[in-house]
Each structure stands twice: as C-alpha cells, then as structure tokens.
2 protein chains.
Amino acid sequence: MPVTIYDVAREAGVSMATVSRVVNGNPNVKPATRKKVLETIERLGYRPNAVARGLASKKTTTVGVVIPDISNPFFAEVVRGIEDIARMYHYNIILSNSDKNVDKELSLINTLLEKQVDGLLFMGGEVTEEHLNIFKTSTVPIVLAATKDSQNMFPSVDIDHYQAAKDAVEAFIQYGHQRIALITGPLTDPLTGLARFEGYKDALREANIPFREDYVRVGNYRYESGMEAMKFFLELSDRPTAVFATSDEMAVGAIHAIQDKGLTVPDDIEVRGFDNIPISSMVRPLLSTVSQPQYDIGAVAMRFLTKHMNEEPITEQNVILEHELINRSSTK
Amino acid sequence: MPVTIYDVAREAGVSMATVSRVVNGNPNVKPATRKKVLETIERLGYRPNAVARGLASKKTTTVGVVIPDISNPFFAEVVRGIEDIARMYHYNIILSNSDKNVDKELSLINTLLEKQVDGLLFMGGEVTEEHLNIFKTSTVPIVLAATKDSQNMFPSVDIDHYQAAKDAVEAFIQYGHQRIALITGPLTDPLTGLARFEGYKDALREANIPFREDYVRVGNYRYESGMEAMKFFLELSDRPTAVFATSDEMAVGAIHAIQDKGLTVPDDIEVRGFDNIPISSMVRPLLSTVSQPQYDIGAVAMRFLTKHMNEEPITEQNVILEHELINRSSTK
DNA sequence: CTGTTAGCGCCTTCAG
DNA sequence: CTGAAGGCGCTAACAG
C-alpha cells in the first residue's frame, strides 16, 4: 500500500541506491538525476520508512526522554531546553511520562531501549540501585538531568541542592530571623529532599540557631501539603517568622494559609519557595524563590548527550549549574 | 555487540522461531522449552529489537501524540487520560511538543508517520487546510483531541465551546449582571477563540443586552494578557461588573488587576475562567470556571483511536463531551 | 509443538 | 556518478 523506495526507483528509472542517496543528501548524485528522483518522490508521495532505515543503519536519530511528571511546569521548561538542542542536532525525541513511579520508569527505560533510541535522558526523583542496573545494560549513552546518582557513575546535569537551600536560609538569617521553618519534600529523596534539608540544618547550625523539630514539616511538593504544613506552624505558640518551602507550590500554599489566618506576607511572616516556576509570578504577593536554570539544565544535558553519542571528548562528567536567589514580594 | 534473537536460539538449542514465540507469548511452546528459552534470555540479557520487529510485523504498537504546549496544565491532564488508556491497550506513546507552531506541527506529524506509528492523536490550536492535507496522506488512523476540523472530516473528541461560553455568560445574566466583559483568545482560532466569542455574543443578544466593543479584549490565554485586558476595563467610566475570561490564567490575571486596584472579587467584580486547571484552586479567591473534562477528552480520544486501529465498528465520528460550570469564590 | 524460509524497506559496501 | 547484492533482527506463513 504505502510507496517504498523501490517504487520510486522504478518510476524514476534509477536504482534504489540512488534514491537512497538523494533522500539522505549524499552529494554523489548528478544534479539531473537528483532532480528526476525528487520529482517522482513528490509525485508518488514517498515517505521514507524510519523503521526500515533504523534497522539498516542501526541508528534512529531519536533520543528517549523520561520525565517524572508532565504536569510539573519545572520539567516542562527543562524539556524546552532539551527540545531546542535536540532539534539543533537533528534528533527527534520520544517523551515519556513516568508519573514518578519507579516501576513505570524502569519499564519506560526498557521500552525506549528496545526502540533503539540513540541515547537516553533520564529525569526522575531518585536514581536507585535498580535504575543503575538497567542503565548498565544500555549500549547507548545515558545522561541524568535535574538529578544524579549518588556515586556519580553516570553523566549528569544538576544544581547544588544543598547549597541552594543553605543560601536561602542564610538570607533569612542575615535579615535577622531566628525562627525559620522549613517545609520540605520527602527526606527519602536524597537530592531535593535530604540534601536541601541538610542545607537548612547546616545554615542554622553555623549561625548557632538551635534546630527545632517542630519547625520542620514534610510535604509532597504540592500546594495542599504546603498549606497543611503552614497551618501547623501557625498553631505554634512561638510561630516562625520566616518559612522556606522547597517548592513554589508549597510556598504558595503556605502563603494562603497565612492569609487565611488574617496575617500578612511578608510583614508578619516571610516566605520563600524553590524552583521559580511560572506560578511564582502569578500570585499575590509575588513569590520570592530559589531559581533553578531549568531551560539550561535541559539544554546542557542534551548537548552533553550528543557529545556522548558522537563520542566527542568530554571534560566533566557531572555538571553543576548555578542557582540564584530571586527576591520578589514575599520576602522583605 | 548487542545480543540478538539468533544468539538466544543458538544458546538455547532451538530455532529463532521458537524464541520469537516465547518472547511474544505464543502458547504453542512446550513449557520445558519455554523455560529453557526464558532462562537463556535472562542469562544473555536479551532485549528484543523493536525496530526489527516493527519492520517485520509492520506494526510498532506505538501511537504518536502531538501536544501544542507541554507547559499547559490543561494538556498535561489530557495526556494523562491518553496514557492510561494507551497502557490498557498495550500501546506506547511518543509525545511530541509542537509549541503551537504550525510548521513544527506539520513536521512532527510527518516524523511520527515516518516512524510508522500505528495511529496518531492530534491536539493543536487550529486544524488548517495544511493539516488536513497531511492527515490525508496518512495510512494510519488519526483522531483529533480537544479540537476538530471545520468539516468534521476526521474523528474528534471535544466539548461544545460555543455552548460552554454561552452558559457561562448566561449565568452572569441570570444573576442580574448587565455589564459583562469578555477576555477572549485570538479570534482567528475557530474553536477556543471564535466559537466562545459567538457564545458570548449570543447570550447577550438573547437577553437583549447590547454588545459593546469596549467590553471585549483579545488576549493570548496567558496571565499577563488577562491582567492587561482587565486594566483596560477598569479604566472605563462604566466598568463591567462581571468578567468572563476564556482561560483560567487570564482570569487569574484579571483578578489580580482588580485587586491591585484596591477592589474586591467577587464583591466589586465577579470573574469566571475557563478550563479548570489546577491553578484555579490555588488562588484567592478560589476561581470559578467552566470545566472541561480534560482527562476524559484524552481517554475517550485514545479509546477512539484504538477502535480505528483495530477496525472495530464505530458509531459516532465526532464526540462532544459535557462541560460544567464550577462555582467557587470568584463569583457569587 | 518446532524448524525453515522468505521477506519487511532501507543502507552500505563494493564494483564498475 | 550509479547499480548490484547482502544483510539489519525479527515475524509469519508453511511444513513437518
């Protein structure tokens, strides 16, 4: 039914090798022949079969990208960076959503590898032993974006989560705050959970501010959990004067909890989020946050992957990009 | 380098046909043989090559999905519906982001078709003549989700945008509003732009409320444009008492413009959005909106596509799902 | 229940 | 500059 390279060859009166050459932009074709072939391709509506091509050439010019949560604006922006660079290097991308589910992640990675992608970009909460094991079975390069494995076995692009959290807390301390609360993500997550938590603790310790259990609540990065955490803090007899949430959504939830109580941000309580996703500019007061270079994380990771795929020399294996404190109206 | 079905066959002392059978779950294999094969697959770490399989079987068990804007929560939720049904029917998904750019859309569709997807799910702003032309060259079924072509040539799943907008405006009218403003998307878009605009106009007309040019502003669905539009309305000598924005983001922008002016929502001005994306529950006041069954749009569209791919009998070609008015705190 | 044999549509030497 | 021929790894009849 569909027209093949063979049909084109026959119609154009050349061999399929020649058709293949013009389709692939091989210069060793006489302009007249090229023209003739192009015309019959057009006339017949020939569309090259990428599957056959992939089998014959052993390259698919596509990379697999696994993303943990498609509805998270943070990753959406990372994907933008990935796509732009991919297009630049003529790679297609297969985007796969894992819903933060480890089983799905492993299964997606497998599927992607079966599909013979030329490389893989992995984003996810945590890189476990299981991940590593499946990564090791890959014959194509793999790059981790917005995460890394604990042993730095695989190339990665990320920020310094520990330092980022520490900077945020230190900013509060420098402003004179002593009662600083933390709304963190699950501490089981070594990077966005634990590392940021450590940053918080160390900042306090270095300033000789005693750590208080009741100034720390664990959320799940979502709005509701930020709200719940803040409600808890508000019940405390000596409630915090500053709150650092490790996601913008939780920070916004915290702000609303504060406002619902009749208090004001930042006058009564200051709040800072993390990530700098679009919503931080779509609330009142405008949210102060710790910004991650989302687009760059994606772009650098993709560029990194192309280097591996083309076996270009690479200098550093684990890239750390800069974070930045963004001060808007939820802090003074 | 990578291990092939042939290697497994040799190691297990069977033919590749047998290996193929166990890999594909064909029951015509003696349990003992199956076990033996499975073991050597495990031992060798054999991973079937989907590209070769696709070429031989002429099926890839993957469907292409083009999404106009990966950072739009609306589509993220539609994709959820698509994925769930796809998994249920054992299809993989290739998600492609078009950035609402027509050229990119056409090029993505082409790429997806070259990759021999078994079916295509298209979401996009507008379905132009060019889209139709490329759709027609496809040998695999195509379903439109959250959109439709003007001539209903292709199967589609969508809501009645005209009626949805009309319902929203009529709700304002019934509450007694006479000065009702509209913040719309580009009118060049026949569905989310024009159709909703027509719904607005007809609602007014049927209530004998004169249409006013200065009560209509065209935005781009984003926050900023909603804010700008609202600022314009607020300058009017007889400013509107109710505002209908055809996206939640624009509605939130409008609310903030109102609040920044020292006015209150809904007491001074009522506001309603469109879509019911997560942010509508993450603002103060909580946003009233017109909800689209996002997940269902995706799920129904995907189910629809599987029917086409399996040549099951189909009853209706263009499915219209129900919308719903959600009343929260930005309206009375 | 299992093996043999053709391809699937294309790329890629290798000749010419 | 162009053609012939041999796979790529796997599935799908068809025998047996």
Side-chain angles (χ1 to χ4, degrees), chain A residues 1-38 40-41 44-62 90 110-111 113-118 139-140, chain B residues 1-38 40-41 44-62 90 110-111 113-118 139-140:
Chain A
M1 183 80 190
V3 17
T4 74
I5 200 174
Y6 184 76
D7 300 323
V8 176
R10 185 169 28 72
E11 287 289 316
V14 298
S15 73
M16 26 186 299
T18 300
V19 178
S20 174
R21 288 193 185 94
V22 347
V23 168
N24 293 298
N26 184 318
N28 295 131
V29 181
K30 203 199 307 176
T33 345
R34 175 187 306 283
K35 185 156 173 289
K36 188 172 53 176
V37 171
L38 252 15
T40 95
I41 283 181
L44 267 41
Y46 168 65
R47 174 152 37 211
N49 181 328
V51 172
R53 182 192 308 221
L55 184 58
S57 68
K58 295 177 145 297
K59 275 189 277 166
T60 54
T61 63
T62 96
H90 305 291
N110 231 324
T111 303
L113 257 19
E114 286 184 358
K115 283 191 189 307
Q116 312 300 120
V117 292
D118 294 339
T139 57
V140 297
Chain B
M1 182 81 189
V3 17
T4 75
I5 199 175
Y6 184 77
D7 300 322
V8 177
R10 185 170 28 73
E11 288 288 315
V14 299
S15 74
M16 30 186 294
T18 300
V19 178
S20 175
R21 287 193 187 94
V22 346
V23 168
N24 293 298
N26 185 318
N28 295 132
V29 181
K30 201 199 309 176
T33 338
R34 175 187 307 283
K35 185 155 172 290
K36 187 172 53 178
V37 172
L38 251 15
T40 95
I41 283 180
L44 267 43
Y46 168 65
R47 174 150 39 209
N49 181 327
V51 172
R53 179 190 306 209
L55 184 58
S57 68
K58 295 175 144 303
K59 275 189 279 168
T60 54
T61 62
T62 95
H90 306 291
N110 231 324
T111 303
L113 258 18
E114 286 184 357
K115 284 192 188 305
Q116 313 300 120
V117 293
D118 294 339
T139 56
V140 297

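Throughout, a chain's letter reflects where its sequence line sits, starting with A, and its residues are numbered from 1.
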(request) When you get a sec, tell me which of C/dT12, D/dG3, C/dT2 is the closest nucleotide to the side chain of A/V14? (result) D/dG3
(message) Show the nearest heavy-atom pair for residues B/T61 and B/D118, with the distance to one decimal.
(response) N-OD2, 2.7 Å
(message) I want to verify a distance call: between C/dC1, D/dA13, C/dG9, whose nearest atom is closest to the B/R21 side chain?
(response) D/dA13
(request) Assign A/N28 to base, sugar-phosphate, or nothing according to its heavy-atom contacts below 4.0 angstrom with the strands shown. (result) base
(message) Of the options D/dG9, D/dC1, C/dC11, whose atoms approach the side-chain atoms of A/A56 most closely?
(response) C/dC11
(message) Just the rounded figure in Å: distance from C1' of C/dG9 to NZ of B/K58.
(response) 8 Å
(request) Give the minimum heavy-atom separation between B/V29 and B/V22, together with the two atoms involved. (result) CG1-CG1, 4.3 Å
(request) Take atom CD1 of A/I5 and atom C1' of D/dG3, then tell me their distance rounded to the nearest Å. (result) 13 Å
(request) Would you indicate which nucleotide in C/dG3, C/dG9, C/dT12 comes nearest to any side-chain atom of A/T4? (result) C/dG9
(request) Starting at atom OH of A/Y6, determine the distance to atom P of C/dG7, rounded to an integer number of angstrom. (result) 13 Å
(message) With nearest nucleotide decided by heavy atoms, which residue, B/S15 or A/R53, maps closer to the 5′ end of DNA chain C?
(response) B/S15
(request) Take atom CG of B/N49 and atom P of D/dC10, then tell me their distance rounded to the nearest Å. (result) 5 Å
(request) Can you measure from CG (A/N49) to CG (B/L113) and round to the nearest 0.5 angstrom? (result) 11.0 Å
(message) Let's see if you can work this out: which of C/dG9, D/dG3, C/dC1 has an atom nearest to the side-chain heavy atoms of B/T33?
(response) C/dC1
(request) Provide, to the nearest angstrom, the distance between the CG atom belonging to A/L55 and the P atom belonging to C/dG7. (result) 17 Å
(message) Ignoring hydrogens and geometry beyond distance, is a side-chain donor-acceptor pair present between B/R21 and B/N28 at under 3.5 Å?
(response) no
(request) Please report the C-alpha distance between B/V23 and B/R53 in whole Å, then the side-chain angles of each, then the deciding distance to 0.1 Å, and finally whether the side-chain contact (heavy atoms from CB on, under 4.5 Å) criterion is met. (result) CA-CA 11 Å; B/V23 168; B/R53 179 190 306 209; 3.8 Å; yes
(message) Output the rounded distance in Å from CZ (A/R10) to P (D/dT2).
(response) 20 Å
(message) What is the separation between atom CE on A/M16 and atom P on C/dT12, rounded to the nearest whole Å?
(response) 12 Å
(request) Provide, to the nearest angstrom, the distance between the CG atom belonging to A/N24 and the C1' atom belonging to C/dC10. (result) 9 Å
(request) Look at the side chain of B/K30 and decide which nucleotide, out of C/dT2, D/dT2, D/dA4, has an atom nearest to it. (result) C/dT2
(message) Can you see if the side chain of B/S20 gets near the phosphate of D/dT11 - specifically, an N or O under 4.0 Å from OP1 or OP2?
(response) yes
